[in-house]
Participant: 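Quick one: the structure is below, questions incoming.
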Number of protein chains: 2
Amino acid sequence: MVTKQYTGSADDADLRRADSLAREIFSDVANKWALLIIEALGERTLRFSELRNEVEGVSHKMLTQNLRMLERNGLVERTVYPTVPPRVDYRLTEAGRGLRKTVDAMCDWTHRYLGHIDEARRRFGG
Amino acid sequence: MVTKQYTGSADDADLRRADSLAREIFSDVANKWALLIIEALGERTLRFSELRNEVEGVSHKMLTQNLRMLERNGLVERTVYPTVPPRVDYRLTEAGRGLRKTVDAMCDWTHRYLGHIDEARRRFGG
DNA sequence: CTGTATCCAGCAGGATACTG
DNA sequence: CAGTATCCTGCTGGATACAG
């Protein structure tokens, strides 16, 4: 997210639109539940109820809400089997898998710096 | 963030602690403002007011709050110059720069899939 | 300029109940 | 089982004022 310089040229409107879209996507995606859901899905296909178990602490409502958002942005694909009781599968799209790589990197980072951070907190607190 | 299997062995407590710490860090860091601040800082050293300008739309309160949190976790270093008026510089620590790489990747991803997502939204809306 | 504290509206998000 | 809708509370986060 680099700050753009708008020069007043013809296609400034396009640049501005892209920029605001980028910020919108970032806001959608840069939230705890969305990232945890993506991480939980990984390469797997999971049902709603499975996802609910995998993502520790997520409520029914938050899960539905975030899944809709991810679907809307084309990061998650939703497959409904018209059986009874119904069965709904979720899996990452190509775009979703792309994002997942970055979330993985973030998880790796978290674990790599765990000790670092733990120590920093103690210093800060003392 | 992989689900761990707790077997009841001696150092389960440690594993559990590390796990909960990891989740805590993730919750702290996986939020819009924190990531935007980290991205804005980049390799630069910025003052509070500069940061306020760089991070579009952030309020005084949110900026302070997130900077404290990032400082507490040892991701941002805060330098106070006891001048009048006071001057305070912020810059990423090594840990912070590590995280920044993953945020960069996320930003790259956003721009790479911008069109993709735009299209997905239209499909979803129609 | 930077930071803290207070107040308060608005929304996030949990619990619950109900459909297909 | 999956999803939607409603209610209701508690927290988030903006605005404002003030201090160092």
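Side-chain atoms are counted along with the backbone in the values below, which use heavy atoms only and exclude waters and symmetry mates. A note on names: the letters A, B, ... follow the listed sequences, proteins ahead of strands, and every chain is numbered from 1.
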Participant: Can a donor-acceptor pair under 3.5 Å be found between the side-chain atoms of B/H60 and the base atoms of D/dG14?
Facilitator: no
Participant: Within the 4.0 Å heavy-atom criterion, would you say B/R78 contacts the bases, only the backbone, or no part of the nucleic acid?
Facilitator: sugar-phosphate
Participant: Go nucleotide by nucleotide along DNA chain C from the 5' end; which of A/G57 and B/V80 gets its closest nucleotide reached first?
Facilitator: B/V80
Participant: Among the candidates C/dG3, D/dC1, C/dG13, find the nucleotide nearest to the side-chain atoms of A/R47.
Facilitator: D/dC1
Participant: Looking at B/Y90, I'd like to know whether one of its side-chain N or O atoms comes within less than 4.0 Å of OP1 or OP2 on C/dC1.
Facilitator: no
Participant: Does the distance from a Lys or Arg side-chain N to an Asp or Glu carboxylate O, for A/D104 and A/R100, drop under 4.0 Å?
Facilitator: yes
Participant: Provide, to the nearest angstrom, the distance between the NZ atom belonging to B/K61 and the P atom belonging to D/dT16.
Facilitator: 14 Å
Participant: What is the distance, to the nearest angstrom, from the CD atom on A/Q65 to the P atom on C/dC11?
Facilitator: 14 Å
Participant: Between A/L46 (CG) and D/dC1 (P), how many Å, whole number?
Facilitator: 15 Å
Participant: What is the distance, to the nearest angstrom, from the CG atom on B/L67 to the P atom on C/dT2?
Facilitator: 11 Å
Participant: Kindly point out which of D/dG3, C/dT2, D/dG14 is positioned nearest to the side chain of B/P86?
Facilitator: C/dT2
Participant: Grab the CG-P distance between B/L36 and D/dG13 for me, whole Å please.
Facilitator: 13 Å
Participant: Across the strands shown, which category fits A/Y81 at heavy-atom distances under 4.0 angstrom: base, sugar-phosphate, nothing?
Facilitator: nothing
Participant: Without decimals, in angstroms, what is the distance between B/R52 CZ and D/dG14 C1'?
Facilitator: 10 Å
Participant: For A/L92, which of A/R97, A/E77, A/E43 qualifies under side chain to side chain contact (heavy atoms under 4.5 Å, CB included)?
Facilitator: A/R97
Participant: Would you please classify the geometry between the A/Y113 ring and the A/W109 ring as parallel, tilted or perpendicular, with 30° and 60° separating the classes?
Facilitator: tilted
Participant: Let's go through B/E50 and B/R44 carefully: what are the C-alpha distance in whole Å and the side-chain angles of both, what is the deciding distance for salt bridge (Lys or Arg N to Asp or Glu O under 4.0 Å) to 0.1 Å, and is it a yes or a no?
Facilitator: CA-CA 11 Å; B/E50 291 169 334; B/R44 302 179 288 175; over 6 Å; no
Participant: Are OP1 or OP2 of C/dT4 and a side-chain N or O of B/T64 less than 4.0 angstrom apart?
Facilitator: no
Participant: What is the distance from CG of B/N66 to C1' of D/dG14, rounded to the nearest Å?
Facilitator: 14 Å
Participant: In terms of side-chain heavy atoms of B/R68, which of D/dG3, C/dG13, C/dG3 is nearest?
Facilitator: C/dG3
Participant: Roughly how many Å is it from NZ in A/K32 to P in D/dT12, rounded to a whole number?
Facilitator: 11 Å
Participant: Would you say the side chain of B/L46 lies within less than 4.5 Å of the side chain of B/R91, judging by non-hydrogen atoms?
Facilitator: no
Participant: Could you check A/M62 against B/S49 and say which one's nearest nucleotide on DNA chain C is further toward the 5' end?
Facilitator: B/S49
